[in-house]
Amino acid sequence: MTAGASATIHGVVYEWNTFQPLENVIVNVNSTPVQSMVGKYGTYSFNLPEGNYKISASYYEDSSLIYYAEDFVNITDEGSYVLDLLLFPDYSQSKSSINGSSSSSSSNQSISFQNATAVQSNFISVDTILITILILLVLFFLLRHSTGKKTTLSAERHQAVKQEKAEEKVILIPKPVQFTVSPESIKTGSQEFEETESEETDPTELIVAEPDNMGSNTLDVIPKGPIPADLQEILDIIRAQGGRMTQKDLRSKLKYSEGKVSLMLFDLEKRGMIQKFKRGRGNVILLVEQDQRS
């Protein structure tokens, strides 16, 4: 192209923090061929034909790029174009120098990070194991305490049942019934005996006799001494009922077990204070007054 078809582009290159023109700045333009110049007092100027161009500016200190800037311009006709550039620090050069100088430090940091991660994971594993062991110990003691408590309650219940059965243990022996009162007087008695007569008679039913630890020869021995309070209670209940009542009704008025009531009646019968005989499925208790005993 001829000189008449070209345009002039010029401007000033400033430092980014002081906004002062920089000396000895190298300015380039990607024309054909490429043009380059060192701007004195930070100024530059190029003659370019029409077209799109990139203008770049570089500032060096000790062969190291310190500042850099670039911009684009579109020349469409002849004339003068002004394009000022503001140079900023070249971070790409800093990054390359940093990458070159700190490659070993970064590798050391990565190794240190990996070691720290491994140590931390080891601590986490140890903490997890300790927590798991603690939870297992707590569960073990809870289960042991619960099992021991259940065993103790079961043993106490078994002992109580065994003791109650021992108290109620009696010997069933046949014994003929002796009437000291005529059957006619019994028939003319209270309505309680009339109801008893309607019950079915079980000839195989036996009366309650003394426990195992009593000898056979003690049946004829009459206990001596004052009457205990529990035996006197039975006598008072029978006397309040007119001197006769069934053993079932008597047991319902007492707080003792069936076995103990049977033993108490046996004791009173040995003392000659009551008489007991079979009526149907149960026993009828008759109170023997003092004159009858004498």
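Note that the coordinates shown come from a computational prediction; the quantities given were computed from them, not determined experimentally. When a residue number appears, it is its place in the shown sequence, counting from 1.
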* Can you see which heavy atom on Leu83 is nearest to which on Val73, and at what distance? => CD2-CB, 4.4 Å
* In one Ile/Leu/Val/Met/Phe/Trp/Tyr side-chain cluster, 4.5 Å: Phe19, Leu22 -> yes
* Could you walk me through whether Lys54 and Asp71 pass the side chain to side chain contact (heavy atoms under 4.5 Å, CB included) test, one step at a time? => CA-CA 6 Å; Lys54 182 179 78 171; Asp71 204 348; over 6 Å; no
* To do: Give a yes or no on this: more than 12 heavy atoms of other residues, nucleotides or ligands lie within 6.0 Å of atom CZ of Phe88.
  => yes
* Counting only N and O atoms by type, is there a donor-acceptor contact under 3.5 Å from the side chain of Asn28 to the main-chain atoms of Ser56? -> no
* Please determine, by modelled atom types, if Ser252 and Asp249 share a side-chain donor-acceptor pair under 3.5 angstrom. => no
* **Verdict with reasoning, Val25 to Val27, per side chain to side chain contact (heavy atoms under 4.5 Å, CB included)** => CA-CA 6 Å; Val25 176; Val27 182; 4.2 Å; yes
* Asked: Looking at side-chain heavy atoms only, is the closest gap between Gln247 and Leu265 below 4.5 Å?
  -> yes
* Hey, mind stepping through Ser257 and Lys260 against side chain to side chain contact (heavy atoms under 4.5 Å, CB included) and telling me if it holds? -> CA-CA 5 Å; Ser257 63; Lys260 186 172 181 180; 3.7 Å; yes
* Output the distance between atom CZ (Arg244) and atom CG (Leu250), rounded to the nearest 0.5 Å. => 15.0 Å
* Distance-minimising heavy-atom pair for Pro21 and Tyr14 -> N-CD2, 3.9 Å
* To do: Please report the closest heavy-atom contact between Asp77 and Ala7, naming both atoms and the distance.
  => O-CB, 3.6 Å
* Spacing of Glu269 atom CD and Ile285 atom CD1 [to the nearest 0.5 Å] -> 7.5 Å
* Asked: Between atom OH of Tyr53 and atom CG of Asn30, what is the distance when rounded to the nearest 0.5 Å?
  -> 8.5 Å
* Structure fact -> In short, Ser36 meets Phe46 closest at the heavy-atom pair N-CE2, 4.1 Å
* To do: Go through Thr43 and His10 one step at a time and tell me if the side chain to side chain donor-acceptor pair (under 3.5 Å) criterion holds.
  => CA-CA 7 Å; Thr43 61; His10 61 89; over 6 Å; no
* **Leu287 versus Met273, closest heavy-atom pair with distance** => CD1-O, 3.5 Å
* Asked: In terms of hydrophobic clusters joined by side-chain contacts under 4.5 Å, are Leu143 and Leu137 together?
  -> no
* Asn47 versus Ser6, side-chain donor and acceptor atoms under 3.5 Å -> no
* Over all heavy atoms of both residues, which pair between Leu65 and Tyr59 is shortest? Give the atoms and the distance, please. => CD1-O, 3.6 Å
* Can you find a side-chain donor-acceptor pair between Glu15 and Thr18 that sits under 3.5 Å? -> yes
* side chain to side chain contact (heavy atoms under 4.5 Å, CB included) between Arg251 and Thr246, worked out -> CA-CA 9 Å; Arg251 189 171 62 251; Thr246 62; over 6 Å; no
* Asked: Is any side-chain N of the basic residue among Arg271 and Asp267 closer than 4.0 Å to the acidic one's carboxylate O?
  -> yes
* Decide yes or no for Pro89 and Ile66: does some side-chain heavy atom of the first lie under 4.5 Å from some side-chain heavy atom of the second? => no
* Asked: Hey, what do you get for CG (Leu263) to OH (Tyr256), rounding to the nearest 0.5 Å?
  -> 13.0 Å
* Asked: Are Leu86 and Tyr41 connected in a single hydrophobic cluster, I mean Ile/Leu/Val/Met/Phe/Trp/Tyr linked by side-chain heavy atoms less than 4.5 Å apart?
  -> no
* Kindly indicate whether the side chain of Tyr44, heavy atoms from C-beta on, has any atom under 4.5 Å from the side chain of Ile55. => yes
* Check: Met245 and Lys253 side chains under 4.5 Å, non-hydrogen atoms -> yes
* Test item: Thr76 and Glu50 side chains (from C-beta on) under 4.5 Å apart, heavy atoms -> no
* Inter-residue atom distance Ser58.OG - Ile26.CD1, 0.5 Å rounding -> 6.5 Å
* Tyr68, Phe72: one ILVMFWY side-chain cluster at the under-4.5 Å cut-off? -> no
* Does Gln232 reach the side chain of Leu235, with side-chain heavy atoms less than 4.5 Å apart? -> yes
* Asked: Under a 4.5 Å cut-off applied to non-hydrogen side-chain atoms, are Thr8 and Tyr81 in contact?
  -> no
* Under a 4.5 Å cut-off applied to non-hydrogen side-chain atoms, are Gln275 and Val288 in contact? -> yes
* Asked: Which distance, rounded to the nearest 0.5 Å, do you find between the CG of Leu231 and the CG of Asp236?
  -> 11.0 Å
